[in-house]
Number of protein chains: 4
Amino acid sequence: MPRPKSDEKRSAIIAAATRVVSAEGLGASTASIAKEAGIANGSLFTYFETKTDLLNQLYLELKIEMAAAAMRGLAESGDLHDQFFQIWRNWTSWAVSHSEKRQALAQLSVCDELTSETRLAGHRTMAAIAELLERIRRNGPMNETPMAFLMTLMNSVAESTMDFMRQDPRRAKQHCRTGFEAVWRMVA
Amino acid sequence: MPRPKSDEKRSAIIAAATRVVSAEGLGASTASIAKEAGIANGSLFTYFETKTDLLNQLYLELKIEMAAAAMRGLAESGDLHDQFFQIWRNWTSWAVSHSEKRQALAQLSVCDELTSETRLAGHRTMAAIAELLERIRRNGPMNETPMAFLMTLMNSVAESTMDFMRQDPRRAKQHCRTGFEAVWRMVA
Amino acid sequence: MPRPKSDEKRSAIIAAATRVVSAEGLGASTASIAKEAGIANGSLFTYFETKTDLLNQLYLELKIEMAAAAMRGLAESGDLHDQFFQIWRNWTSWAVSHSEKRQALAQLSVCDELTSETRLAGHRTMAAIAELLERIRRNGPMNETPMAFLMTLMNSVAESTMDFMRQDPRRAKQHCRTGFEAVWRMVA
Amino acid sequence: MPRPKSDEKRSAIIAAATRVVSAEGLGASTASIAKEAGIANGSLFTYFETKTDLLNQLYLELKIEMAAAAMRGLAESGDLHDQFFQIWRNWTSWAVSHSEKRQALAQLSVCDELTSETRLAGHRTMAAIAELLERIRRNGPMNETPMAFLMTLMNSVAESTMDFMRQDPRRAKQHCRTGFEAVWRMVA
DNA sequence: CATGAATGAGTGTTCATTCAT
DNA sequence: AATGAATGAACACTCATTCAT
């Protein structure tokens, strides 16, 4: 795969797509994304073969950033509860403070055009969290449940939590805690 | 009296839209919906002023059907746990056995064009479930959490459960139970 | 030609068409005309075979009414100048006080769908005026000019006069006189 | 630099629109105009944002061309009568020999979608003629009449004259003269 | 490599007319 | 005769993608 000349321009497109998709949804035109990125209409296709390709890459990139944010500053040791809570806090507060990114991600998550590879890679992004969750549930009531199911469950609770934190920012901290404890009760 | 606007035809459009939206997403063309319904292109607009209007009505209709299915045969008495489980089982099994409807509903739930009235009416659909949940959590750890948050949480766990039941139908029953118990631990 | 049962309904359509065409132009839909007339969509076609047919008849009817208004109360005798001025005054003041009719007529006059028969019949409507004009010009500078040309000239001056009277109603009377005198100088 | 927006193509569209509008009226479809211009359906919108925009520009362009034709070769000096007659001759003969342009212009003149700016600019086109007319009428019977009224009057006589010249080309020259003299008697 | 004009299939919606009731 | 639902060809306009410059 030939690396395109300007990584800077690629990033500009990704950033523009984030903004435009979060504002206009997946129906946003490639033209409007290019304009937002400050490049020409057709140049977008130098960096991304098709619109679908762009959406796939955007999804993955946002997923990766989100996971990285969740893991930021995680102590290797420490008890599971604290480690998990720190991740939860990182995760949800990233979502609140990067609302365009999260909104774009939410739109992309329901996009028909994501390939299964992209989705898979997206899930792998959360491997570290999955491992932690695995250890948490080991002696809990869900120790027989497929991990994939568990991850989905956790994810969906996280999403709900984030939505509430955004809608009611004054009590964001409290909602964060509430969501966390709900998950903890579910699995631990 | 001329040919009366036929309920049958309206239903055919709604049914066609369900199928087409579940297969192609919200981008499905009104033409393809009309074709699927076996009517002329323009006739769709006799029954629904605009595509947006159709989507709103479809959403509401599916939501109502889903809620009705969930409540089917519910004993007025009985303990909360059993009542809730019955609902949960009704609900998730409706979703599994009407996967097109559920998929369409999933697409519609993220549709930008739903009016807030439609969404509100959609939520009201679940009022009976909400009441039950209210009584369940009364003495539980979430008795201070806003009901709206709780409902969202429950909903998202239900969605995840349904997804798993569909993906792995051989163990659908078990996944159903697992999801239920997870929610119960969260709130009760 | 079978006379339709209800002349009243036919008139209602003609009146409605006048209003709607004057407001929306020739692009006005038959549906909106029917609605304005208080009848059903399809009933319009009981009275007029096609939209074109309606427009043709409307044109003619308005032309006839306009001509009748122009001739109203005309003394058989009296000198040409006075007779002509009376007609001119009748004519332009009808236009000003029936602005919807005149506007509709103006739209219709440039309509591609008028048949040549309709146009011809429209012109015949003005026969009495033509005769008068014929006598007026007899010893004037235009005694060799084809009458058709003369009529067209007079008509277009009348139209301009009416426009000005409508635009500037406070000096309507004066504009009426100015237009009249201009024509008189042209032909007499 | 990419393919530059070609003036040639813009002109082709304008020319095509002239032909198609003169033949089919303002209802002519953008598709038929594009086809006549030999370009793709959507390319028309590269050059003109909307159909309305195209019609506005077409009107103005034709008006400008017409005015330029009228003024062609005008002697700065010479008496008013001769100057005005030359303009009149230029003007009417342009109309006769560019009948598509004139017909299109006639349609456009009654188009509801022309902006008032376009109309204003269209009138300014005739400023030089207006000035001449102003000087002509100075000592004549219409020296108190608003110039706008006078211009409208002159215009409508010119239109009638052109119509007759076209209908009866063998006597075009004579009709031209007749029309001119009629105007002259009106104002001078 | 960058540009933006060119393309043409596709969109939601309208409308004159027909016809079952 | 009256109704208004049904029809399907148009319509103005959009857009992902290509390609001449």
Side-chain angles (χ1 to χ4, degrees), chain A residues 2 4-6 9 27-35 38-55 113, chain B residues 1-6 8-10 27-35 37-55 113, chain C residues 2 4-6 9 27-35 38-55 113, chain D residues 1-6 9-10 27-35 38-55 113:
Chain A
K5 218 172 199 169
S6 156
K9 217 161 269 188
S29 71
T30 54
S32 68
I33 295 171
K35 191 175 182 184
I39 61 167
N41 219 318
S43 297
L44 190 150
F45 295 92
T46 305
Y47 295 88
F48 302 92
E49 284 194 1
T50 63
K51 188 185 183 183
T52 297
D53 186 31
L54 166 59
L55 295 181
E113 291 164 296
Chain B
M1 227 186 308
R3 216 171 325 187
K5 218 185 288 197
S6 95
E8 205 178 298
K9 212 158 276 183
R10 207 198 92 100
S29 71
T30 54
S32 67
I33 294 171
K35 192 175 182 182
I39 60 167
N41 231 318
S43 297
L44 191 151
F45 297 93
T46 304
Y47 291 88
F48 302 93
E49 285 196 357
T50 60
K51 186 186 182 184
T52 297
D53 187 30
L54 168 58
L55 295 180
E113 290 164 296
Chain C
K5 217 173 198 170
S6 156
K9 218 161 268 187
S29 71
T30 54
S32 67
I33 293 170
K35 191 175 183 185
I39 61 166
N41 219 318
S43 297
L44 189 150
F45 295 91
T46 305
Y47 295 88
F48 302 93
E49 286 194 359
T50 62
K51 187 185 183 183
T52 297
D53 187 30
L54 166 59
L55 295 181
E113 292 164 296
Chain D
M1 227 186 309
R3 216 171 327 186
K5 217 184 288 197
S6 95
K9 213 159 276 182
R10 207 197 92 100
S29 70
T30 55
S32 67
I33 295 170
K35 192 174 182 184
I39 60 168
N41 232 316
S43 296
L44 190 150
F45 297 93
T46 303
Y47 291 87
F48 302 93
E49 286 196 357
T50 62
K51 187 186 181 184
T52 297
D53 187 31
L54 168 58
L55 294 180
E113 292 164 294

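Note on naming: letters A, B, ... go to the chains in the order of the sequence lines (proteins, then strands), and numbering restarts at 1 for each one.
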Bracket string, DNA chain F, 5' to 3' - pairs by Watson-Crick or G-U geometry under 3.5 Å, | interstrand: .||||||||||||||||||||
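Here I33(A) contributes atom CD1 and K51(A) contributes atom NZ; the two are 6.5 Å apart, rounded to the nearest 0.5 Å.
Taking the side chain of T30(C) as heavy atoms from C-beta on, and the options dT3(E), dT17(E), dG8(E), the nearest nucleotide is dT17(E). Residue S43(D) has its side chain nearest to dA6(E) when only dA6(E), dA16(F), dA9(F) are considered.
Residue order along DNA chain F, read from the 5' end via each residue's closest nucleotide, puts A40(B) first among S29(D) and A40(B). For the pair T50(B) and A31(C), both in contact range of DNA chain E, the more 5′-proximal nearest nucleotide belongs to T50(B). Residue T46(D) is the one, among T46(D) and A28(B), whose nearest nucleotide of DNA chain E lies closer to the 5' end (criterion: closest heavy atom). A residue-by-residue look at K51(D) and I39(B) shows that I39(B) has its nearest nucleotide of DNA chain F further toward the 5' end.
Partners of S32(A) under the side-chain contact (heavy atoms from CB on, under 4.5 Å) rule, at least two apart in sequence or in another chain, are V20(A), E24(A), A28(A), S29(A). Applying the side-chain contact (heavy atoms from CB on, under 4.5 Å) rule to Y47(B) yields the partners K5(B), S6(B), K9(B), R10(B), I13(B); only residues at least two apart in sequence or on another chain are considered. A40(C) pairs by the side-chain contact (heavy atoms from CB on, under 4.5 Å) definition with S43(C), not counting sequence neighbours. For D53(D), the side-chain contact (heavy atoms from CB on, under 4.5 Å) criterion is met by F48(D), E49(D), T50(D), Q57(D), not counting sequence neighbours.
Between R10(D) atom CZ and dA6(E) atom P the separation is 13 Å, expressed in whole Å. At whole-Å resolution of the value, CD1 in I33(B) and P in dT13(E) are 11 Å apart. Straight-line distance from the CZ atom of F48(B) to the P atom of dA6(F): 12 Å, rounded to whole Å. Rounded to whole Å, the distance from CD on E49(B) to C1' on dT14(E) is 13 Å. The NZ atom of K35(C) sits 15 Å away from the P atom of dT3(F) (whole-angstrom rounding). At whole-Å resolution of the value, CG in N41(D) and C1' in dC13(F) are 9 Å apart. Rounded to an integer number of Å, the gap from CZ of F45(C) to P of dT17(E) is 5 Å. Atom CG of D53(D) is separated from atom P of dT14(F) by 12 Å (rounded to the nearest Å).
A34(A) and L44(A) make their closest contact through N-CD1, 4.1 Å (heavy atoms, listed as atom of the first residue, atom of the second, distance).
Residue A34(B) is out of contact with every strand shown, counting any heavy-atom pair closer than 4.0 Å.
Contact check for T30(B) versus L54(B): no side-chain heavy atoms found under the 4.5 Å cut-off.
Checking the phosphate oxygens (OP1, OP2) of dA2(F), a side-chain nitrogen or oxygen of K9(C) falls inside 4.0 Å. The phosphate of dA6(F) has OP1 or OP2 within less than 4.0 Å of a side-chain N or O from Y47(B).
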